[in-house]
Asks: 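There's a structure below that I have some questions on.
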Amino acid sequence: MALKYRAPRGTNDLTYPSSEKFTAVVEAACGIMSLYGYQRIVTPIIESTDLFRRSIGESTDIVTKEMYSFEDRGGEWLTLRPEGTAPVVRAFLEQGLASKGLPQKLYYAGPMFRRERPQAGRFRQFFQIGAEAIGSRDPFGDAEIIAISDHLFKHLGLEGYSLLLNSVGCSDCRPAYVAQLGEFLTRVRDSLCVDCKRRADENPLRVFDCKNESCRQAVAEAPGIGDALCPDCTEHFDGVKRHLERMSIPFGIDPRMVRGLDYYTNTAFEFQFEGLGAQNTVSGGGRYDYLAEELGGPATPGVGYSLGIERLIMVIQAQGLDPFNPPGLDLYVAGAPGTDRDRLLEILMEMRRAGVSADADTMERGLKAQMKQADRLRARLVMIIGPDELERGEATVRDLDRSEQWTVPIKQATPRVKDYLARAERPPAEDKDSDG
RNA sequence: GUGGACGUAGCUCAGUUGGUUAGAGCGCCGGGUUGUGGCCCCGGAGGUCGGGGGUUCGAAUCCCCUCGUUCACCCCA
């Protein structure tokens, strides 16, 4: 409310059970990348500002207005990473990973930062997973990178998405095309909106993105990049399409799709979902054959993608697919009035050491309140220990899902509990949480 | 950076043309059950009505400013 400290704009707190679901989705995605032979790489969240300026491009939106940059106390300019590819390629070069054999297939998962106005599906801190295959220019690598997202979506049971594909050419054919397009735009400049006039100067390809009707009409006759590709690029693009077809991954060609990072060459792609609001791209990526060179390393081709976990979770929710049950506690150790609490806590620790997730009351509350707490923690079992049980060397064990209870000798409690937990299935809990 | 919508309890929201101690449901704490959760019943705690200023005898309600949230543009995951 009128609290003094709040999470910064565009950042979010994730609490249980959303936090557990979030983790489960990330783990599912990482599991699939392992399936494709990718290995995790963990890079710093801060990098030198210059790394991003050089790689993403001086004139891009990210570099000109969205980076969180600061000068540290030693006078060095650092930036909170706005994307994952440049850091991975930097690490690839710095660690000499090429000597470990090519291609290097690396995946990452972590927060990214961009200072934009937040809206549905857009945050200032957001969580991306992604993968980079560095070293090969084979179109199969492009198709494989694309297949990861498709595989994950199908694994999660999602539908209503489409894959858009384009080739933005190489250093041979793209400049010629951009020049050709620029020339065309000069001729129709009068019918372009103010934004598009600016785009025509800064990045002509972006004019295709405009939703303004007069702009759309004006560029309808514009030359397409497909016709401008050099033979090498055409062949590569055909290869990507062929592999996707053989993988039975449907796609559409969008000759007007441009991506916002300058380092892309050849393949560019996006996965878009229906019914997501304005930010409907969940996953996207492409090839970057000059990036390693640009960063001062040997010429090394690469291809990669990244996927926004928050957007993915939005889709899962929108499609009513939430198979994930947040984990509950195995056991709650409850004490009846007058029991020896020290003995209780001993049993608690014994259970934990045996691998049983367990908790106990530390608020000196009555048994009823402890039972309620056990229920809230979604405990499967409650072990009730009172003075008389201790005297008999027994404990009452209650299954909260089935409302049945029995007694076990305290000395055998741990193996008995473990044994019970290993059997009986848990009924699915009704989910009171809606945000994730 | 630009534009629209919205800010009342931890959450979701009522609040009649401005009128006296600001309400509900859920959640939380306690009791009904001197040792048993989820259902039911009873009680309780919890709110500078986002903040500031103004109009008025009187403002949650009207006006201005400000902060925040949200959706959209730009662009992207």
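Note on naming: letters A, B, ... go to the chains in the order of the sequence lines (proteins, then strands), and numbering restarts at 1 for each one.
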Asks: Mind checking who G68(B) pairs with, Watson-Crick or G-U wobble, both distances under 3.5 Å?
Replies: C6(B)
Asks: Contacts to RNA chain B from residues 269-281 of chain A, heavy-atom cutoff under 4.0 Å, which residues?
Replies: G277(A), A278(A), Q279(A), T281(A)
Asks: Is Q119(A) close to R122(A) at the side-chain level, that is, under 4.5 Å between some pair of heavy atoms?
Replies: yes
Asks: Indicate, with a heavy-atom threshold strictly under 4.0 Å, whether R365(A) touches base, sugar-phosphate, or nothing.
Replies: sugar-phosphate
Asks: Starting at atom CG of N12(A), determine the distance to atom P of U70(B), rounded to an integer number of angstrom.
Replies: 7 Å
Asks: To the side chain of R311(A), which of A77(B), C28(B), G37(B) is closest?
Replies: A77(B)
Asks: Only pairs with both distances under 3.5 Å count, Watson-Crick or wobble alike; so what is the partner of G1(B) in this structure?
Replies: C73(B)
Asks: Using the P atoms only, state how far A60(B) lies from G51(B), rounded to an integer number of Å.
Replies: 11 Å
Asks: Roughly how far, to the nearest 0.5 Å, is CZ of R124(A) from CZ of F113(A)?
Replies: 13.0 Å
Asks: Does U69(B) have OP1 or OP2 sitting under 4.0 Å from an N or O in the side chain of R6(A)?
Replies: no
Asks: Roughly, in whole Å, what's the span from CG in L329(A) to C1' in G38(B)?
Replies: 16 Å
Asks: Please work out if I309(A) contacts a base, only the sugar-phosphate, or nothing of the nucleic acid, heavy-atom cut-off 4.0 Å.
Replies: nothing
Asks: Please state how far atom CD in E66(A) lies from atom C1' in C75(B), giving the value in whole angstrom units.
Replies: 6 Å
Asks: Rounded to whole angstrom units, what separation is found between the CD1 atom of I129(A) and the P atom of A77(B)?
Replies: 13 Å
Asks: In whole Å, measure the gap between the C1' atoms of C65(B) and C71(B) for me.
Replies: 23 Å
Asks: Using the side chain to side chain donor-acceptor pair (under 3.5 Å) rule, collect all pairs that involve residues 25-37 of chain A, keeping only residues at least two apart or in two chains.
Replies: Y36(A)-H151(A)
Asks: What interatomic distance, in whole Å, is found between C1' of C49(B) and the corresponding atom of A24(B)?
Replies: 16 Å
Asks: Looking at the side chain of D61(A), which of U70(B), G68(B), C74(B) is the nearest nucleotide?
Replies: C74(B)
Asks: Considering only C29(B), G37(B), A77(B), which nucleotide approaches the side chain of F126(A) most closely?
Replies: A77(B)
Asks: Looking for any heavy atom pair under 4.0 Å, which part of the strands does T339(A) touch: base, sugar-phosphate only, or nothing?
Replies: nothing
Asks: Could you check which nucleotide pairs with G23(B) in any of the strands shown, counting Watson-Crick or G-U wobble with both distances under 3.5 Å?
Replies: C13(B)
Asks: Think R376(A) has a side-chain N or O under 4.0 angstrom from the OP1 or OP2 of C28(B)?
Replies: yes
Asks: In terms of side-chain heavy atoms of Q119(A), which of C74(B), U36(B), C29(B) is nearest?
Replies: C74(B)
Asks: Determine the contact category for A374(A): base if any of its heavy atoms lies under 4.0 Å from a base atom, sugar-phosphate if only primed atoms, P, OP1 or OP2 are that close, otherwise nothing.
Replies: nothing
Asks: Between L80(A) and F70(A), is any pair of side-chain heavy atoms under 4.5 Å apart?
Replies: yes
Asks: For the ring pair Y264(A) and Y288(A), is the centre-to-centre distance below 6.0 Å?
Replies: no
Asks: Quick check for you: among G37(B), G30(B), G1(B), whose closest atom lies nearest to any side-chain atom of R115(A)?
Replies: G1(B)
Asks: Could you check how far NZ of K368(A) sits from P of G30(B), rounded to whole Å?
Replies: 10 Å
Asks: What is the distance, to the nearest angstrom, from the CG atom on L400(A) to the P atom on G37(B)?
Replies: 10 Å
Asks: Which nucleotide wins on minimum distance to the side chain of E116(A), given the candidates G68(B), C75(B), U36(B)?
Replies: C75(B)
Asks: Quick one: are the ring centres of Y263(A) and Y290(A) less than 6.0 Å apart?
Replies: no
Asks: Regarding F127(A), tell me which of base, sugar-phosphate or nothing describes its non-hydrogen contacts under 4.0 Å with the strands shown.
Replies: nothing
Asks: Distance check, P atoms only: U69(B) and U12(B), in whole angstrom units.
Replies: 15 Å
Asks: Taking atom C1' in both U66(B) and G27(B), compute the distance separating them and give it to the nearest angstrom.
Replies: 33 Å
Asks: Take the protein atom CD1 of I313(A) and the nucleotide atom C1' of A77(B), then report the distance between them rounded to whole Å.
Replies: 13 Å
Asks: For A59(B), what is the paired nucleotide under Watson-Crick or G-U wobble rules, both distances under 3.5 Å?
Replies: none
Asks: Within the distance-only criterion (no hydrogens, no angle test), does the side chain of E144(A) pair as donor or acceptor with the backbone N or O of A147(A) below 3.5 angstrom?
Replies: no
Asks: Provide the distance between the two P atoms, one in G30(B) and one in G37(B), to the nearest whole Å.
Replies: 13 Å
Asks: If we take the C1' atom in both G38(B) and G50(B), what is their distance in whole Å?
Replies: 37 Å
Asks: For the P atoms, the ones on U34(B) and on G25(B), what distance do you get once it is rounded to whole angstrom?
Replies: 28 Å
Asks: Relative to the 5' end of RNA chain B, which residue comes earlier, P8(A) or K372(A), by the nucleotide with the nearest heavy atom?
Replies: K372(A)
Asks: Picking from U2(B), G30(B), G37(B), which would you name as closest to the side chain of R117(A)?
Replies: U2(B)
Asks: Identify, between Q405(A) and R114(A), the residue whose nearest nucleotide on RNA chain B lies closer to the 5' end.
Replies: Q405(A)
Asks: Given G37(B), is OP1 or OP2 found less than 4.0 Å from the side-chain N or O atoms of Q370(A)?
Replies: no
Asks: Taking R115(A) first and then E66(A), would you say they form a salt bridge - that is, a charged N and a carboxylate O separated by under 4.0 Å?
Replies: no
Asks: Using purine N1 to pyrimidine N3 plus N6-O4 or O6-N4 for Watson-Crick, or N1-O2 and O6-N3 for G-U wobble, both under 3.5 Å, which nucleotide pairs with C29(B)?
Replies: G43(B)
Asks: If you check the D375(A) side chain, which of G30(B), G37(B), C75(B) turns out closest?
Replies: G37(B)
Asks: How long is the line joining CZ of R124(A) and C1' of C75(B), in whole Å?
Replies: 14 Å
Asks: Report all side-chain donor-acceptor pairs from residues 406-417 of chain A shorter than 3.5 Å, counting only partners two or more places apart or in another chain.
Replies:
from, atom 1, to, atom 2, distance (Å)
T414(A), OG1, E350(A), OE2, 2.9

Asks: So, is R122(A) near the phosphate of C75(B), with a side-chain N or O under 4.0 Å from OP1 or OP2?
Replies: no
Asks: Return the minimal non-hydrogen interatomic distance between A336(A) and G386(A), and the atom names on each side.
Replies: CB-CA, 3.8 Å
Asks: Before accepting this row, confirm whether a basic side-chain N of the pair D13(A)/R6(A) lies closer than 4.0 Å to the acidic partner's carboxylate O.
Replies: no
